[in-house]
Amino acid sequence: MAHIVILGAGTGGLPAAYEMRDALPRSHRVTVVNAAEDFQFVPSNPWVAVGWRTRADITFPLRPYLERKGIDFIAKSAQQIDAENNRLVFGDGETLDYDYLVIITGPKLAFDEVEGAGPNGGFTKSICTVDHALDAWEDYQKFLENPGHVVIGAMPFASCFGPAYEFAFIVDADLRKRKLRDKVPITFVTSEPYIGHLGLGGVGDSKGMLESEMRQRHIKWITNAKTTRVEEGKMFVAELDDKGEVAREHELEFKFSMMLPAFKGVDAVASVEGLCNPRGFVIVDEHQRSPKYPNIYSAGVCIAIPPVEATPVPTGAPKTGYMIESMVTAIVENIKDELEGKEPHRHATWNAICLADMGDTGAAFVALPQIPPRNVSWFKKGKWVHLAKIAFEKYFIRKMKKGSSEPVFEKYLLKALGISRLKAKGGNAP
């Protein structure tokens with residue numbers, strides 16, 4: 001009997017647990033370890049931060065749904081991974097042995113890399129967790145009573161730009177509904193070299209389309225933006241040129257600000273010798289497996305993927321839901337192969353497929369493969385995307401409560417975008 005431990009129970013970890021349980025005989029044990037008792041549907045956090053969703057709308061307790069599927073659950077933070085002895089060590093000194101470890105923790109939010117950033121002791125808000133989003137909602141309500149300049153964007157080394165764009169457009173839409181938009185200048189500050197880069201080198205005409213949307217909504221922007229520090233009500237930004245030299249310094253006064261932070265690997269993972277790159281992201285081979293520790297697999301935001309291209313201000317490559325789902329399926333099949341005495345064979349499909357809400361409309365993009373040159377590069381806008389994202393939220397949460405191992409991104413998103421399954425699998429990881 002093998003014991004498979006899945007570290008993390010987010011939008012990658014929970015489906016991984018269900019898929020692993022369904023794929024393996026019951027003689028094998030599956031355990032999920034997660035710091036929190038509840039599942040959070042992170043893509044809905046921008047809506048939470050403006051009061052369009054509540055905690056109850058996008059969270060649910062993990063334990064009853066996992067145990068119903070025959071999956072053990074431990075609600076603790078892993079303080080150490082003893083990779084040499086195949087063991088997790090918790091803060092209370094207790095340990096958990098594993099035969100296979102699947103790391104799907106998500107990132108460490110590196111607010112500390114910019115002085116004064118972040119919701120805990122800093123002066124900017126975040127939508128990276130539901131707690132952060134609820135904290136932002138509290139401040140946003142105060143802001144509505146005395147509106148002023150809003151600054152939204154992404155710090156250096158950020159690697160998931162979509163939520164920043166979503167939040168800027170959602171705030172714009174919310175303020176228009178409240179008849180307050182004329183009182184609120186909005187500036188978008190991003191480490192991307194241009195609007196619509198998205199950490200992907202652009203997708204289709206993402207640059208032209210997003211610039212047009214921002215102009216129509218009277219949102220100003222600063223690109224190649226290196227945020228250097230934040231004080232109460234003021235952000236200091238160095239705008240770099242294409243050579244990485246300072247072209248202009250900005251001091252932006254604000255009443256409300258949400259800035260996505262840099263991502264790093266979580267401490268327990270990053271501290272394992274030989275497991276990660278210098279930023280703490282797990283190094284994996286074509287089978288999602290650690291080259292140094294073959295019984296450790298990893299997927300999602302916490303793995304090392306090189307940037308699509310060098311940029312004046314450092315940016316990372318995003319890991320979107322469809323890509324993470326593909327990684328999870330590869331891991332499950334490869335562990336199943338190993339338990340059956342076979343060599344792992346499955347590769348993940350590193351393609352980017354995403355729905356981005358814009359408050360009252362939305363944008364969808366497809367990059368097959370994620371790293372250029374691409375077989376498919378497609379970016380479209382429409383009310384249907386806004387409606388599709390709402391429907392996908394309900395669909396995903398319902399599937400997770402049901403305990404379904406069905407590939408939800410593949411079934412729902414590909415159908416919504418009119419992309420064939422075969423076509424979407426056309427750009428595997430190198």
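Just so it is clear, the structure is predicted and the values come from calculations on it, not from any experiment. FYI, side chains are in, hydrogens and waters are out, and symmetry mates aren't considered; it's all heavy atoms of this structure.
Among R346, H287, H347, the single residue meeting the side chain to side chain donor-acceptor pair (under 3.5 Å) criterion with E333 is R346.
For the residue pair M259 and T227, the shortest heavy atom distance occurs at CE-OG1, 3.7 Å. The heavy-atom pair separating A83 from V272 by the smallest distance is CB-CG1, 3.9 Å. The nearest pair of heavy atoms linking A262 to F157 is CB-CB, 3.5 Å. In terms of heavy-atom proximity, V313 sits nearest to A225 at CG1-O, 3.8 Å. Nearest heavy atom pair, residue G199 against residue V308, reads O-CG2, 3.4 Å. In terms of heavy-atom proximity, G274 sits nearest to Y293 at C-CE1, 4.4 Å.
Within 6.0 Å of NZ in K402 there are 12 or fewer heavy atoms belonging to other residues, nucleotides or ligands. The number of heavy-atom neighbours closer than 6.0 Å to NZ of K220, taken from other residues, nucleotides and ligands shown, is 12 or below. Atom CD of E115 is surrounded by 12 or fewer heavy atoms from other residues, nucleotides or ligands within 6.0 Å. For E340, the CD atom is densely surrounded, since the number of other residues' heavy atoms within 6.0 Å is greater than 12. Residue D92 qualifies as enclosed at atom CG: its count of foreign heavy atoms under 6.0 Å is above 12.
A donor-acceptor distance shorter than 3.5 angstrom exists from the side chain of K319 to the backbone of I303, with no hydrogens or angles considered. Side-chain N or O atoms of T59 include one that pairs as donor or acceptor with a backbone N or O of R55 at under 3.5 Å. With hydrogens and angles disregarded, a donor-acceptor distance shorter than 3.5 Å links the side chain of S326 to the backbone of T349. Checked by atom type and distance alone, the side chain of T228 pairs as donor or acceptor with a backbone atom of F236 at under 3.5 Å. Judged purely by atom type and a 3.5 angstrom limit, Q141 uses its side chain to pair as donor or acceptor with the backbone of W137. Remark: the backbone N or O of K292 is paired with a side-chain donor or acceptor of S290 at under 3.5 angstrom. A donor-acceptor pair is defined here as one N or O able to donate and one able to accept, closer than 3.5 Å; no such pair exists between the side chain of K342 and the backbone of D337. A donor-acceptor contact shorter than 3.5 Å links the side chain of S257 to the backbone of V151. Checking side-chain atoms of N334 against main-chain N and O of H345 turns up a donor-acceptor pair under 3.5 Å. Panel note: side chain N85, backbone R87; no donor-acceptor pair is recorded below 3.5 Å.
Using a 4.5 Å heavy-atom threshold, the side chains of V33 and V5 count as touching. Between H386 and M358 the shortest side-chain heavy-atom distance does not fall below 4.5 Å. Put simply, the side chain of M155 does not reach to within 4.5 Å of the side chain of S191, judged on heavy atoms. Residues I195 and T223 are in side-chain contact: their nearest non-hydrogen atoms beyond the backbone lie under 4.5 Å apart. In this structure, P312 and D241 have side chains that are not in contact, with every pair of non-hydrogen atoms separated by 4.5 Å or more. Counting heavy atoms from C-beta on, the side chains of I81 and L88 come closer than 4.5 Å. The side-chain heavy atoms of M400 and Y18, taken from C-beta on, include a pair separated by under 4.5 Å. Between V30 and L66 there is no side-chain heavy-atom pair separated by less than 4.5 Å.
For H28 and Y100, the ring centers sit 6.0 Å or farther from each other.
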Worksheet entry | Residues H132, N120; criterion side-chain contact (heavy atoms from CB on, under 4.5 Å); working and verdict | CA-CA 9 Å; H132 288 175; N120 300 318; 4.1 Å; yes

Fill in: Derivation of the ring pair (Phe, Tyr, Trp, His ring centres under 6.0 Å) call for F188 and Y165
CA-CA 8 Å; F188 192 77; Y165 283 99; 4.5 Å; yes

Item to complete: Give the intermediate values and the outcome of side-chain contact (heavy atoms from CB on, under 4.5 Å) for residues M235 and T124.
Response: CA-CA 9 Å; M235 185 177 299; T124 61; 4.1 Å; yes

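The stretch residues 7-35 participates, sequence neighbours left out, in these salt bridge (charged side-chain N to carboxylate O under 4.0 Å, His left out) pairs: D22-K69, R29-D72. The salt bridge (charged side-chain N to carboxylate O under 4.0 Å, His left out) contacts involving residues 34-51 comprise E37-R63, where partners must be two or more places apart or lie in separate chains. The salt bridge (charged side-chain N to carboxylate O under 4.0 Å, His left out) contacts involving residues 152-169 comprise E166-K389, where partners must be two or more places apart or lie in separate chains.
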List the atom pairs, with distances to 0.1 Å, where a side-chain N or O of residues 263-271 and a protein N or O form a donor-acceptor pair under 3.5 Å, not counting sequence neighbours.
from, atom 1, to, atom 2, distance (Å)
D267, OD1, K108, NZ, 3.0
S271, OG, D267, O, 3.0
S271, OG, A268, O, 3.3

Could you list the donor-acceptor pairs under 3.5 angstrom formed by side chains in residues 42-50, with sequence neighbours left out?
from, atom 1, to, atom 2, distance (Å)
S44, OG, E393, OE2, 2.6
N45, ND2, I127, O, 3.1
W47, NE1, D357, OD2, 2.8

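Looking only at atom types and distance, the side chain of D97 has no donor-acceptor partner in the side chain of H3 under 3.5 Å away. A side-chain donor-acceptor contact under 3.5 Å links N295 and N86. Side-chain polar atoms of D174 and W52 form a donor-acceptor pair below 3.5 angstrom.
Between the OH atom in Y297 and the CD1 atom in I6 there is a gap of 13.0 Å [rounded to 0.5 Å]. Note that CZ of F123 is 12.0 Å distant from CG of D139, once rounded to the nearest 0.5 Å. Here the CD1-CG distance, from I335 to D99, works out to 10.5 Å after rounding to the nearest 0.5 Å. Residue I219 holds its CD1 atom at 9.5 Å from CH2 of W221, rounded to the nearest 0.5 Å.
A cation-pi arrangement is present between K76 and F90, with the terminal nitrogen or guanidinium carbon under 6.0 Å from the aromatic centre and inside a 45° cone about the axis. Remark: K207 is not positioned above the aromatic ring of F365, lacking an NZ or CZ atom under 6.0 angstrom from the ring centre and at most 45 degrees off the axis.
By the 30° and 60° cut-offs, the orientation of the rings of F256 relative to F167 is tilted. Ring geometry for F60 versus Y65: interplanar angle over 60°, hence perpendicular rather than tilted (30 to 60°).
Using a 4.0 Å cut-off between a side-chain N of Lys or Arg and a carboxylate O of Asp or Glu, K226 and E113 do not qualify as a salt bridge. Taking the charged nitrogens against the carboxylate oxygens, K142 and E138 have no contact shorter than 4.0 Å, which rules out a salt bridge. Between E231 and R229, at least one side-chain N (NZ, or NE/NH1/NH2) sits under 4.0 Å from a carboxylate O, which counts as a salt bridge.
Residues that satisfy the ring pair (Phe, Tyr, Trp, His ring centres under 6.0 Å) test with Y194, not counting sequence neighbours, are H197.
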